[in-house]
2 protein chains.
Amino acid sequence: MTAMLVPVFAALGDETRWSILAALGEGDASASALADRLPVSRQAIAKHLGVLQQVGLVESVRVGRELRFRAVGAELSVTARKLDAIGAEWDRRLSAIKAIAESLPRLEVE
Amino acid sequence: MTAMLVPVFAALGDETRWSILAALGEGDASASALADRLPVSRQAIAKHLGVLQQVGLVESVRVGRELRFRAVGAELSVTARKLDAIGAEWDRRLSAIKAIAESLPRLEVE
DNA sequence: TCTCTGTGCAATCACATGGTTGCACAAAGA
DNA sequence: TCTTTGTGCAACCATGTGATTGCACAGAGA
């Protein structure tokens, strides 16, 4: 269930990819356009875009001879919802354990 | 703002760490106990727990001579909320651009 | 005390990955 | 047509990292 989630997190676990996503958040752009704004080569950016596209965080559209990329927020929302559910489950179990522990007769520890 | 987020995603971008988190989700455990259940060495698990602890996804408590770890769901919830906000923002801008585009007189393309 | 168990630290290794440069090629514009 | 610009592909390199083994040490129990 969470299997498909891990690559998304791996993709999000890189600073450069976040700067790419941030740049795309202000409007679609091609790899070359991004390379003008960011301190990395176009090829490096193309690789990152490949990673992001593979996990659905960006989409690409051909415009003439250039490939424009767009950040896909929906994927983030889906991921966020799953994350929240998992976190809530852990805390639920934790508080359940706490409640049980507190209902027990106190054990004396010397 | 998102700067502290990236290490969390990097920590979540590994299958083994997810199995550790999943195991901890069913109850606190030490590195050695986890090594009995998972197909990796104790030292490898200890490293992973170090990574997870550094980003606040697990906490440790000394019980006698053993170190017990617990999954912290709250950190996931915080992360999930930030993710959702970012995703919503991207989609908001995207739909805003769409709305503008659709309100414009249609351009003829030959 | 002797033994077993759980940690901690270090060295090592293989592989993934972020980054670069170089070259080739196709399409838009002068 | 010639030049420019944007891609695509490949080789290469350095570093990070997931994982291992080995050893040392401290605490709990027989």
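These values consider heavy atoms only, across backbone and side chains, with no hydrogens, waters or symmetry-generated copies. In this text, all values refer to a predicted model and were calculated from it rather than measured experimentally. By convention in this document, chain letters (A, B, ...) are assigned in the order of the sequence lines, proteins followed by strands, and residues within each chain are numbered from 1.
Counting to the nearest Å, the C1' atom of dA16(C) and the CD atom of E15(B) are 15 Å from each other. Distance CG (L49(A)) to P (dC9(D)): 14 Å, rounded to an integer number of Å. In this structure, D36(A) places its CG atom 10 Å from P of dT7(D), rounding to the nearest Å. Counting to the nearest Å, the C1' atom of dT5(C) and the CG atom of L34(B) are 16 Å from each other. As a whole-Å value, the separation of F69(B) CZ from dT7(C) C1' is 10 Å.
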Exercise. Which letter, B, S or -, goes with each nucleotide of nucleotides 13-21 of chain D from 5' to 3', with contact meaning a protein heavy atom under 4.0 Å?
Worked result: -----SBBB
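Between dA26(D) and R62(B), no contact under 4.0 Å exists linking OP1 or OP2 to a side-chain N or O.
The aromatic rings of F9(B) and F9(A) lie parallel to each other, with less than 30° between the two planes, well short of the 60° mark.
Residue whose closest nucleotide on DNA chain C sits further toward the 5' end, between R65(A) and A33(B): A33(B).
In terms of heavy-atom proximity, A71(A) sits nearest to V58(A) at CA-CG1, 4.3 Å.
Separation of atoms CG (L21(A)) and CG (L52(A)) is listed at 5.0 Å; rounding is to 0.5 Å. Rounding to the nearest 0.5 angstrom, the gap separating the CG atom in L83(A) from the CZ atom in R81(B) is 11.0 Å.
Side-chain atoms of E66(A) and S32(A) form no donor-acceptor pair, as typed in the model, at a separation below 3.5 Å.
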Tell me which donor-acceptor pairs under 3.5 Å the side chains of residues 39-51 of chain B have, and how far apart each pair is, sequence neighbours excluded?
from: S41(B); atom 1: OG; to: A44(B); atom 2: N; distance (Å): 3.3
from: H48(B); atom 1: ND1; to: R17(B); atom 2: NH1; distance (Å): 3.0

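Taking the side chain of L67(B) as heavy atoms from C-beta on, and the options dG6(C), dT7(D), dG8(C), the nearest nucleotide is dG8(C).
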